[in-house]
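Only this structure's heavy atoms are used, side chains among them; waters, hydrogens and symmetry mates stay out. Whatever order the structure lists ligands and atoms in, that order sets their numbers, starting from 1.
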Amino acid sequence: MKLYEYQAKEIFARTGIPVPRGRVVLSPEEAAQAAGELGGEVVIKAQVLAGGRGKAGGVRFAAGPEETAAVARTILDLEIKGLPVNALLVEERLPSERELYLSISVDRQAGRPVILAAAEGGMEIETFPEDKIRRRFVETRRGVHPWEGRELAAALGLRGSLLPEFGKFMATLALVFERNDAELAEINPLVQVGSHLVAADARLNIDDAALFRHPDLTKGQELGTQGGPSFVRLGGDIAVLANGAGMAMATLDVLESLGGKASCFIDLGGGTGEEEMSKAIGILGGFSQAMLVNIFGGITRCDEVARAVIRGRQAAPQLPLVVRLDGTNQEEGLRLLREAGVAAVSTMEEAARQVVAQTGGKGEKEV
Ligand code: GDP
Ligand code: MN
């Protein structure tokens, strides 16, 4: 299983590998806010599970909130190797003096972990000239010693305080590799900032056969494909929040038949709590001109949904919103919403009609 760069960096940082300051965001507005907090120049990076993002336009620099928002919008609209961009990592831009390459992977032939390093970074390792790559077999199970890293660093031509720095860095990367049952831990580029080394990029692939040992990596990935609410971007202007994949698909169909187009949807799954639901509404607000919430309350009670919607709407109070509630405690839910000034109805058709009207749709399919 491949982890997103931001997930890999979280793990790196926890283990003691320096990474740039930054945070993951889902909308241009959030990106701008992050840039404001970081100050100075920032790097905005598409979070997709594909290499070569840089070349595809998925890694760009900006300065200040305004430019960051514009760049973020451009990257979120990209498709990189067929993958939509759902999230961005906004980081401080490091004044890099040198770029290196460092990875640990399993050498299938030798059946052992191997470290690859090069005094150049940035490009894909496959394109490196063979004589530029240094290789060293290691025993990650017993731990890699800093001196092994110092030797490798010397072979790469590093000097002075960079030798112990690289030694410590490599030993820590080996720890990350071992603790997480990784197949690949790659830093490309590893950048030199003064006398320090920082992981400007991060890749961490976990051995699928060992995933049962890492429930934290597979559960609740905010934007991942495993577990938790799933988020899908579509390109129209109406955000859809529904519970259950079938319900989400039905909602998209009804919208389409009425001339509306969904910008994205979140499928909450069954029995989602108030906390998760209000967070989802906040996320969707950044991607749309209007929002349609379509919930059938079975285990989830409609009054709970109503409270979550009212709370979540604070993240995007000006956004036109229509809620359809049906099922357990429906009357109470509809009452709460209407009292809070939210359009609330009990059928999907009616809700879709109202939300399409809000975005200027004609209420019938265009031909
Ligand atoms: P990739 O194309 O998917 O491997 O994306 P990377 O995260 O490696 O970024 C592409 C390139 O952008 C890197 O090779 C660097 O040259 C550059 N880059 C990324 N982050 C930084 C940074 O913080 N500072 C500087 N100076 N360059 C960066
Ligand atoms: Mn890279």
* Any atoms of ligand 1 less than 4.0 Å from a non-hydrogen atom of K45? List them with their elements. => 7 (O)
* Asked: Would you find more than 12 non-hydrogen atoms of other residues, nucleotides or ligands less than 6.0 Å from K81 atom NZ?
  -> yes
* Asked: Purely on distance, is any nitrogen or oxygen of K55 under 3.5 Å from one on ligand 1?
  -> no
* Does a donor on one side chain sit under 3.5 Å from an acceptor on the other, for N294 and T251? -> yes
* Asked: At what distance is the nearest protein heavy atom to atom 3 (O) of ligand 1, and which residue and atom is it?
  -> R53 NE, 2.8 Å
* To do: If you have a sec, work out which protein heavy atom is nearest atom 14 (O) of ligand 1 and how many Å separate them, to one decimal?
  => G122 CA, 3.3 Å
* ligand 1 N/O within reach of A200 N/O, cut-off under 3.5 Å -> no
* atom 22 (C) of ligand 1: protein heavy atom closer than 4.0 Å? -> yes
* Structure fact -> Taking only non-hydrogen atoms of V59 and a 4.0 Å limit, the atoms of ligand 1 in range are 5 (O), 9 (O), 12 (O)
* Asked: For the side chain of E41 and the backbone of F61, is there at least one donor-acceptor N/O pair under 3.5 Å apart?
  -> no
* Asked: For Q109, does the CD atom sit with more than 12 other heavy atoms under 6.0 Å from it, leaving out its own atoms?
  -> no
* Asked: CZ of R335 to CD of E332: how many Å apart, nearest 0.5 Å?
  -> 4.5 Å
* Carboxylate-amine/guanidinium proximity below 4.0 Å for R353 and E349 -> yes
* Structure fact -> Of all N, O or S atoms in D201, the one closest to the Mn ion (ligand 2) is OD2
* salt_bridge(R307, D303) N-O dist < 4.0 Å -> yes
* Structure fact -> To atom 16 (O) of ligand 1, the nearest of E91, E99, E124, R60 on a heavy-atom basis is E99
* Asked: Going by the atom numbers of ligand 1, which of them fall below 4.0 Å from some non-hydrogen atom of G54?
  -> 1 (P), 2 (O), 3 (O)
* **Heavy atoms of other groups near E339 CD, more than 12 under 6.0 Å** => yes
* With heavy atoms of P189 as the reference, note each atom of ligand 1 found under 4.0 Å away. => 8 (O), 13 (C), 14 (O), 15 (C)
* Asked: How does F61 reach ligand 1, by side chain, by backbone, by both or by neither, if only non-hydrogen atoms under 4.0 Å count?
  -> side chain
* Heavy atom of the protein closest to atom 4 (O) of ligand 1 (residue, atom name, distance) -> D201 OD2, 3.1 Å
* **Electrostatic pair D201:R203 at N-O distance under 4.0 angstrom** => no
* Are any of the N or O atoms of N188 closer than 3.5 Å to those of ligand 1? -> yes
* Would you say R142 has more than 12 foreign heavy atoms packed within less than 6.0 Å of its CZ? -> yes
* Asked: Should the proximity of L94 to ligand 1, defined as any heavy atom under 4.0 Å, be assigned to the side chain, the backbone, both, or neither?
  -> both
